[in-house]
Amino acid sequence: MAKKSKRYTEAAALIENGKLYSAEEAIELVKKTSNVKFDASVDVAFNLGLDVRQADQQLRGAVVLPHGTGKTKKVLVVAEGEKAQEAKDAGADIVAGKEILEDIKKGWLDFEVMIATPNMMAELGKLGRILGPKGLMPNPKTGTVTMDVAKAVQETKAGKVTYRTDKEGNVHLPIGRVSFEDAKLVENFNTIYDLIVRLKPTSAKGTYIKNIAVSSTMGPAIKVQTTK
């Protein structure tokens, strides 16, 4: 097991063992415990009481954070004709037709989000083994397969983040940067919290939200109360 750095140990000492903090307290503390020299990301992780082997208990989608994440993503739009022009006008970094698929097959992946019109999905589907494992395959559930490419580009640039339960029922999302004002981080957190609550599957049994923790990049986790 890797030895924790002195800065990490000192940061962790500021957290009261076993205490559940309010969102406001947790955000204030996550800033104090950030122990890196760069503007660290602030993330939230939910551990949910879901049986993700059941299709209706797998959460997947996207949400636009009111204050973004502090990072602008590089967006590729695969579209043709007027939809391609709409994507360019909306600020997409790269706009291309089917010809871009050959580059992807050869290993080019210089983008962070791919948006595509529905008519492109038959060809894109053939690249599932390349795009799927990297989380780059467009999907209607995340709003990245759409005819409204302008809206999709604008939302992505404004701070839309995707979420998906992992095999343990965890959902992990960024909510901003340490440099953000406390109130903005709290509002981003509350947006995700409220979404998770609304998404509770009717078939879920027992405790739904088991644990919530916020942390900064390489910083210790701070447990948050499951009710605001």
Side-chain angles (χ1 to χ4, degrees), residues 4-52 57-73 142 155-156 158-228:
K4 300 295 185 182
S5 70
K6 181 180 178 181
R7 284 188 296 179
Y8 180 97
T9 303
E10 290 174 346
L14 298 175
I15 302 169
E16 187 176 331
N17 189 35
K19 180 175 179 178
L20 297 179
Y21 292 86
S22 68
E24 291 78 7
E25 291 171 331
I27 292 303
E28 183 178 351
L29 194 51
V30 84
K31 290 188 170 189
K32 291 180 180 178
T33 56
S34 178
N35 58 85
V36 294
K37 295 182 180 180
F38 54 87
D39 189 11
S41 173
V42 179
D43 303 313
V44 61
F46 290 81
N47 178 239
L48 305 175
L50 297 175
D51 181 1
V52 294
Q57 293 193 35
Q58 297 172 9
L59 307 185
R60 184 176 187 181
V63 59
V64 178
L65 299 179
H67 303 291
T69 64
K71 179 183 179 182
T72 301
K73 293 184 176 180
T142 60
E155 287 185 342
T156 300
K160 182 169 76 172
V161 293
T162 59
Y163 58 86
R164 186 175 188 176
T165 44
D166 64 18
K167 60 183 180 180
E168 274 81 42
N170 299 309
V171 174
H172 188 271
L173 287 165
I175 58 172
R177 299 276 177 176
V178 168
S179 61
F180 279 25
E181 295 174 11
D182 287 18
K184 290 182 177 180
L185 285 169
V186 171
E187 190 172 353
N188 279 352
F189 170 89
N190 286 338
T191 297
I192 295 172
Y193 180 96
D194 293 343
L195 173 69
I196 295 294
V197 171
R198 290 198 306 272
L199 291 174
K200 180 182 179 181
T202 55
S203 60
K205 306 297 182 183
T207 302
Y208 176 48
I209 300 180
K210 292 183 174 182
N211 183 43
I212 309 172
V214 294
S215 61
S216 62
T217 305
M218 298 174 67
I222 300 156
K223 292 187 176 182
V224 186
Q225 297 168 0
T226 56
T227 54
K228 292 185 293 181

Measuring only between side-chain heavy atoms, which start at C-beta, is [X] closer than 4.5 Å to [Y]?
X: Tyr208; Y: Leu50; answer: yes
X: Thr69; Y: Ser41; answer: no
X: Val30; Y: Val178; answer: no
X: Asp39; Y: Ser34; answer: no
X: Ile175; Y: Ile27; answer: yes
X: Ile192; Y: Leu65; answer: yes
X: Val42; Y: Phe180; answer: no

Of all heavy-atom pairs between [X] and [Y], which one has the smallest distance, and what is that distance?
X: Pro66; Y: Thr191; value: CD-OG1, 3.4 Å
X: Glu168; Y: Asn47; value: O-ND2, 3.7 Å
X: Lys210; Y: Gly49; value: CE-CA, 3.7 Å
X: Leu59; Y: Pro201; value: CD2-CG, 4.2 Å
X: Thr156; Y: Lys73; value: CG2-CB, 4.5 Å
X: Ser203; Y: Gln57; value: OG-NE2, 3.3 Å

Rounded to the nearest 0.5 Å, what's the gap from [atom1] on [X] to [atom2] on [Y]? Could you check?
X: Lys184; Y: Arg177; atom1: NZ; atom2: CZ; result: 15.0 Å
X: Ile212; Y: Lys223; atom1: CD1; atom2: NZ; result: 11.5 Å
X: Asn190; Y: Leu185; atom1: CG; atom2: CG; result: 11.0 Å
X: Thr142; Y: Arg164; atom1: OG1; atom2: CZ; result: 9.5 Å
X: Asn35; Y: Thr217; atom1: CG; atom2: OG1; result: 9.5 Å
X: Leu29; Y: Ser22; atom1: CG; atom2: OG; result: 10.0 Å

_Is the ring pair Phe46/Phe189 parallel, tilted or perpendicular, if the boundaries are 30 and 60 degrees?_
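Aromatic pair Phe46/Phe189 classed parallel.
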How about [atom1] on [X], more than 12 heavy atoms from neighbouring residues, nucleotides or ligands closer than 6.0 Å, or not?
X: Lys71; atom1: NZ; result: no
X: Asn17; atom1: CG; result: no
X: Glu181; atom1: CD; result: no

_Pair Lys31 + Asp182: basic N to acidic O under 4.0 Å_ =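 Yes, Lys31 and Asp182 are salt-bridged.
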_Using the side-chain contact (heavy atoms from CB on, under 4.5 Å) definition, which of the options Ile209, Asn188, Val186 pairs with Tyr193?_
Ile209
